[in-house]
Amino acid sequence: MKHILSCVLLGMSLPPLAQAVWPYPQMMNSDTKSTTILETNNFKLEATGAGASSDILLQAFHRYSKLFFAGSIDNTLNDKAECDKLTALQVHVLSSDDTLLDTVSENYTLNVDASCTAPSASITADTVFGALRGFETFSQLIVKAGTGDYTISSVNITDFPRFPFRAVLIDSGRHYLPIPLLQAHLDTMAYNKMNVLHWHIVDMPSFPYVSKKYPDLSEKGAFDSNHVYTPQNISDLIQYARYRGVRIIPEFDTPAHTYPSWGKGGPAELLTTCSSGGFDGVGPLRADRNETYSFLQELFSEVGEAFPDKIFHFGGDEMHPGCWENNPDVAKFLKKKNMTGEDLISYYMRNLFKIGNKLNKSTMLWHPGAADNLPLEDLPEKTIFDVYGAWNYSYLQPLLDAGKSVVRSADLYLDQICNTDPDGTHHGTYWGYFSGWDYYMDIMQGFPKNTPLKLILGAKANMWGEHVDATNFIPRVWPRASCLAEALWSDTSVVEGGWKKAAPRLDDFRCVLTSRNIAAEPIGSLLYGEVNPAHSAGCSHEINFEYTPP
């Protein structure tokens with residue numbers, strides 16, 4: 001089956017931007033001396049293969065048709081009007097299955113023949129999600145000549161991700177993040193070839209998730225009625241993400257991180273009152289009451305249906321039993337069961353795992369966390385540890401030996417913007433060093449060769465929400481998270497080349513983002529060698545800041 005779509009750009013005026021390939025492909029051979037002009041007025045997608053009719057593929061071409069023809073101006077390129085123009089991008093998708101799973105292939109090849117006669121461009125991918133990644137690379141290779149023509153050079157690319165889990169955490173429980181911002185963030189993740197959004201949707205300050213079964217949770221526990229996520233909001237956002245090859249994993253962190261928001265609209269006695277060990281005399285969920293688990297079973301069943309991904313993040317971090325031990329009813333329960341407060345944490349987690357098993361989801365947990373005192377064999381078979389403690393082989397070895405998968409969050413907290421520059425002489429927001437380079441790392445450095453790589457799923461940039469909302473979220477995250485994006489996608493040799501080699505290319509890519517109306521912050525200044533000299537005065541298309549004086 002073959003589908004042909006046309007892209008008509010008459011009357012469109014898109015800003016020029018710098019050429020960049022970020023993240024860098026696994027294998028790329030290019031001939032910049034051989035270029036061809038693209039037919040901008042009626043550029044076509046010629047889709048073939050079992051996946052040719054996928055709505056994901058067709059919608060992606062409509063989106064990228066607005067991005068293909070925005071290449072950087074290069075006055076050294078000559079007009080090749082006497083040559084044939086490139087009129088189509090041929091895309092062959094082998095599989096008709098466009099289910100977005102954690103095991104989905106994102107592999108693709110991209111070949112451009114910029115011959116003067118009959119030039120061609122093609123992408124071949126196992127799945128539509130590989131084709132999406134190919135679209136993004138193709139869009140970054142197009143350059144606008146000084147003549148006004150859009151050109152592309154001959155290139156052969158074979159590309160695939162190094163790690164399958166390349167994520168960003170967002171936190172809407174501390175500050176509300178509006179839907180348009182989340183859409184912009186998802187688009188930027190796709191531009192960076194990142195594929196997992198970890199949504200820490202609720203926390204102590206606010207419960208913005210609108211539950212059908214327990215509407216009081218958001219009505220009384222959210223900041224207000226305007227700062228919530230309805231079932232339709234969530235469904236639409238999941239579909240928006242799917243079209244960009246991004247999975248959304250929800251996190252409902254318990255038993256801690258629940259006061260006061262959960263208690264305002266939850267069932268009676270959901271939270272623990274105590275004489276000490278809590279906040280304002282209140283602490284975590286009541287782990288001694290069967291009613292707590294009945295409530296969680298119903299709530300999480302609903303959440304599991306709302307979020308179709310096969311992973312459910314149950315949190316479990318920063319749990320201390322002091323409040324439980326200082327509640328008379330819980331203390332009686334502990335005495336009756338001959339348990340300590342630490343034992344009750346394990347008791348709670350075992351009950352939580354029973355709920356998770358009924359959801360038919362893989363369990364994701366913070367580590368260290370509330371499951372630490374349990375024998376690893378007592379955990380669900382497909383447990384994934386979100387490691388924010390130490391990240392080294394000796395620390396992870398017990399988990400890996402037990403066959404548990406791990407994701408790195410350790411040292412990848414975007415909210416911590418105070419860093420030390422490479423020579424170690426400055427601490428804080430150093431004026432000559434872009435803090436994003438702290439995340440430009442090989443997460444496997446120092447691990448032995450016999451490390452079971454299939455259990456190291458990848459890593460996650462964490463943007464906790466204490467100090468970000470719609471006013472500063474995008475520039476705080478991007479392009480700092482881009483550094484981790486390349487580290488998780490590209491071959492190790494790219495990161496081993498160092499940040500100074502990568503900096504001009506990241507600076508180019510930052511300009512790609514601003515041209516797409518993504519308010520990515522500058523990475524540095526020309527004086528310190530972090531930026532492309534072509535951008536000494538900034539990108540050719542900066543974000544249009546509008547302000548109306550009073």
Side-chain angles (χ1 to χ4, degrees), residues 23 102 161-171 192 194-198 200 249 251 253 311 313-319 362-374 376 379 382-422 424 427 435-464 477 480-496 498-499 502:
D102 55 345
R162 185 181 177 208
F163 293 98
F165 192 103
R166 308 176 308 280
V168 178
L169 174 145
I170 63 171
D171 173 9
N192 284 268
M194 299 188 90
N195 67 342
V196 178
L197 179 70
H198 171 180
H200 186 89
I249 295 174
E251 180 190 353
D253 193 2
I311 296 176
H313 203 307
F314 288 99
D317 67 321
E318 299 177 332
M319 177 57 215
S362 294
T363 295
M364 197 166 191
L365 299 169
W366 290 109
H367 184 75
D372 290 355
N373 292 331
L374 287 171
L376 288 171
L379 273 60
K382 296 182 179 180
T383 299
I384 301 169
F385 283 106
D386 191 349
V387 181
Y388 71 98
W391 183 265
N392 56 67
Y393 184 72
S394 61
Y395 182 74
L396 298 178
Q397 186 174 4
L399 307 179
L400 300 176
D401 288 348
K404 304 304 180 186
S405 299
V406 296
V407 167
R408 177 171 182 169
S409 282
D411 304 318
L412 300 175
Y413 278 31
L414 298 178
D415 54 308
Q416 297 177 2
I417 60 174
C418 291
N419 55 279
T420 302
D421 75 288
H427 185 72
S435 64
W437 298 125
D438 290 344
Y439 316 112
Y440 198 64
M441 63 175 72
D442 177 6
I443 68 169
M444 296 301 297
Q445 185 174 4
F447 282 65
K449 292 183 179 180
N450 62 349
T451 302
L453 296 180
K454 67 178 182 179
L455 299 178
I456 312 292
L457 301 183
K460 173 162 54 70
N462 299 274
M463 187 65 258
W464 295 105
V477 175
R480 294 165 73 218
S482 301
C483 297
L484 182 63
E486 178 157 283
L488 296 176
W489 180 279
S490 304
D491 185 75
T492 55
S493 61
V494 176
V495 175
E496 289 170 355
W499 67 267

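In what follows, residues are counted from 1 in the order of the sequence shown.
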My understanding is that only residues two or more places apart in sequence, or in another chain, count here; which of them pass side chain to side chain donor-acceptor pair (under 3.5 Å) with S409?
D386, K460, N462
Sub-3.5 Å donor-acceptor pair from the side chain of H313 to the main-chain atoms of G315, do we have one?
yes
Between atom CG of L400 and atom OG of S405, what is the distance when rounded to the nearest 0.5 Å?
8.5 Å
Assess the residue pair L376 and F385 against the criterion (side chain to side chain contact (heavy atoms under 4.5 Å, CB included)); give the C-alpha distance rounded to whole Å, side-chain angles, the decisive distance to 0.1 Å, and a yes or no.
CA-CA 11 Å; L376 288 171; F385 283 106; 4.1 Å; yes
With sequence neighbours excluded, residues passing side chain to side chain donor-acceptor pair (under 3.5 Å) with Y388:
none
Donor-acceptor pair, side chain of R166 and main chain of G458, under 3.5 angstrom
no
Applying salt bridge (charged side-chain N to carboxylate O under 4.0 Å, His left out), name anything that partners R408, two or more places apart in sequence or on another chain.
D411
Using the side-chain contact (heavy atoms from CB on, under 4.5 Å) criterion, which residues pair with D171? Sequence neighbours excluded.
L169, R174, H200, W464
With rounding to the nearest 0.5 Å, note down the distance linking SG in C483 to CG in L412.
11.5 Å
Those residues that, when tested against S482, pass side chain to side chain donor-acceptor pair (under 3.5 Å) (two or more places apart):
N192
Walk me through whether H367 and D372 qualify under side chain to side chain contact (heavy atoms under 4.5 Å, CB included).
CA-CA 8 Å; H367 184 75; D372 290 355; 3.2 Å; yes
Going through the distances and angles, do L379 and L374 end up as a side chain to side chain contact (heavy atoms under 4.5 Å, CB included)?
CA-CA 7 Å; L379 273 60; L374 287 171; 3.8 Å; yes
Euclidean distance, I170 CD1 relative to L414 CG, rounded to 0.5 Å:
12.5 Å
Residues in salt bridge (charged side-chain N to carboxylate O under 4.0 Å, His left out) with D253, at least two apart?
none
Which residues share a side-chain contact (heavy atoms from CB on, under 4.5 Å) with V196, sequence neighbours left out:
F165, A167, R247, I249
List for me each residue that meets salt bridge (charged side-chain N to carboxylate O under 4.0 Å, His left out) alongside E251, sequence neighbours excluded, and say none if there are none.
none
For P164, all residues meeting side-chain contact (heavy atoms from CB on, under 4.5 Å), sequence neighbours excluded
none
For D491, give me all partners under salt bridge (charged side-chain N to carboxylate O under 4.0 Å, His left out), at least two apart in sequence or on another chain.
none
Please examine the side chains of L365 and T363, heavy atoms only from C-beta on, and report whether any two atoms are closer than 4.5 Å.
yes
Can you confirm whether V494 sits close enough to E486 that some side-chain heavy atom of one is under 4.5 Å from a side-chain heavy atom of the other?
yes
Under 3.5 Å, which donor-acceptor pairs do the side chains of residues 443-456 form with other protein atoms, sequence neighbours left out?
{"from": "T451", "atom 1": "OG1", "to": "P448", "atom 2": "O", "distance (Å)": "2.7"}

Any side-chain heavy atom of V387 sitting closer than 4.5 Å to one from L396?
yes
Provide the full list of salt bridge (Lys or Arg N to Asp or Glu O under 4.0 Å) pairs with a residue in residues 387-401, sequence neighbours left out, each pair given once.
none
Is there a side-chain contact between M364 and F314 (heavy atoms, below 4.5 Å)?
no
Presence of salt bridge, R162 and D442, under 4.0 angstrom:
yes
